[in-house]
Protein chains: 2
Amino acid sequence: MEDAEALDAVFAALANPTRRAILARLSKGDATVNALAEPFDMSLPAISKHLRVLEQAELITRSKDAQFRPCRLNAERLKDVALWTEQYRHIWDARFDAMARAIEDLRETTDDQGTGMGEDHA
Amino acid sequence: MEDAEALDAVFAALANPTRRAILARLSKGDATVNALAEPFDMSLPAISKHLRVLEQAELITRSKDAQFRPCRLNAERLKDVALWTEQYRHIWDARFDAMARAIEDLRETTDDQGTGMGEDHA
DNA sequence: TAGATAATTAAGCAAACGGTTTATTACGCG
DNA sequence: CGCGTAATAAACCGTTTGCTTAATTATCTA
């Protein structure tokens, strides 16, 4: 997990609207290749290639059912993405900053047992 | 935000270990092109191009200071990524599922009081 | 004014990407 | 068996990517 090469493949796979749409579809349940291809104005081999990219990035898995190849979402890799972005959360999340400041304030007030009142900020 | 084309550019920019390393470096503070290039066994123009990709994805901004072009992280686009992944959290996060079940239980107990909350769709 | 330094532009190249059309494989069914 | 359906493989094509080296632009400094 959290491996650099794996992240390369996952981000590259996600950098395409067709593939993201396929993932969105699969989040509602498994589907065959033809079912996944239906919404797109694109040849079936093109979809097949997109699925291969998603599979190699481990964003989906494929099984066999007669001549059908039902696809299933593998959310583990999306979790990896979420975990990767977490390291930057403190930069964009105001709540995170507010919490950090609150912790700092708490530390200060317990340090010198001062007035504890008279602060401002929104 | 949450625009499809923008996400294309952001994910594509993140699909490269050099560019992710540059972002990690910038999360610790602004830096010039040469400073950013230093850790890599790669020509300066190559780094310059990576920075252009990051800039066009709006993952960084660049200013002017004499002959220097200090780069700064723009975490907004990383926030977009985090928000995008959120839609799949319930699939991988067991705690999320537990919470969803708790909400469902709560909804059931308040149903007969006619809250007028969201009904089903499709 | 001449250098040195910071960074980009230009040109070139091999490999990967995203699509196509045309086979080909695999399976179920009458 | 022969046919229809699901899906992949093969070959091809234009564009993009990720890198190179060489040249150019912009700015500070002696």
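Reckoned from all heavy atoms, side chains included, excluding hydrogens, waters and symmetry mates. Letters go in sequence order (proteins before strands), and every chain restarts at 1.
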Undergrad: Name the closest nucleotide to the A:P45 side chain, picking from D:dA7, D:dA22, C:dT21.
TA: C:dT21
Undergrad: For a quick check of understanding: with a heavy-atom distance under 4.0 Å over all strands, which category does A:A66 fall into, base, sugar-phosphate or nothing?
TA: sugar-phosphate
Undergrad: Hey, is the side chain of B:R62 poking within less than 4.0 Å of OP1 or OP2 on C:dT8, counting only N and O atoms?
TA: yes
Undergrad: Should A:E104 and A:R107 be marked as a salt bridge (charged side-chain N to carboxylate O under 4.0 Å, His left out) after you check the CA-CA gap, both sets of side-chain angles, and the distance that decides it?
TA: CA-CA 5 Å; A:E104 180 62 18; A:R107 197 184 62 77; 3.0 Å; yes
Undergrad: For B:H50 and D:dT20, give me the distance from atom NE2 to atom P, rounded to whole Å.
TA: 9 Å
Undergrad: Assign each of B:S48 and A:K49 to its nearest nucleotide of DNA chain C by heavy atoms, then name whichever residue's nucleotide is nearer the 5' end.
TA: B:S48
Undergrad: Without decimals, in angstroms, what is the distance between B:Q67 CD and D:dC28 C1'?
TA: 5 Å
Undergrad: Just the rounded figure in Å: distance from P of C:dG18 to CG of A:L51.
TA: 13 Å
Undergrad: I'd like to know if B:D93 pairs up with A:K79 as an ion pair, taking the criterion as any Lys NZ or Arg NE/NH1/NH2 lying under 4.0 Å from an Asp or Glu carboxylate oxygen.
TA: no
Undergrad: If we check salt bridge (Lys or Arg N to Asp or Glu O under 4.0 Å) with B:D30, which of these qualifies: B:R25, B:R72, B:R62, B:R69?
TA: B:R72
Undergrad: Just how far, in rounded Å, is C1' of C:dT8 from CD of B:E55?
TA: 12 Å
Undergrad: Rounding to an integer number of Å, can you tell me how far B:I60 CD1 sits from C:dA7 P?
TA: 12 Å
Undergrad: Flag the pair A:T85 / B:V81 as yes when at least one side-chain heavy-atom distance between them is below 4.5 Å, and no otherwise.
TA: yes
Undergrad: Salt bridge between A:R52 and A:E55, side-chain N to carboxylate O under 4.0 Å?
TA: no
Undergrad: Specify the separation, in whole Å, of atom CD1 of B:I47 and atom C1' of D:dT20.
TA: 13 Å
Undergrad: So which atom in B:Y88 and which in A:S27 form the shortest heavy-atom distance, rounded to 0.1 Å?
TA: CE2-CB, 3.6 Å
Undergrad: Calculate the interatomic distance between A:R52 atom CZ and C:dG19 atom C1'; express it in whole Å.
TA: 16 Å
Undergrad: Looking at residues 15-43 of chain A, who's got a heavy atom less than 4.0 Å off DNA chain C?
TA: A:N16, A:R19, A:M42, A:S43
Undergrad: Going through the distances and angles, do A:L14 and A:L23 end up as a side chain to side chain contact (heavy atoms under 4.5 Å, CB included)?
TA: CA-CA 9 Å; A:L14 296 179; A:L23 292 182; 3.5 Å; yes
Undergrad: In whole angstrom, give the distance that lies between atom NZ of B:K64 and atom P of C:dT5.
TA: 20 Å
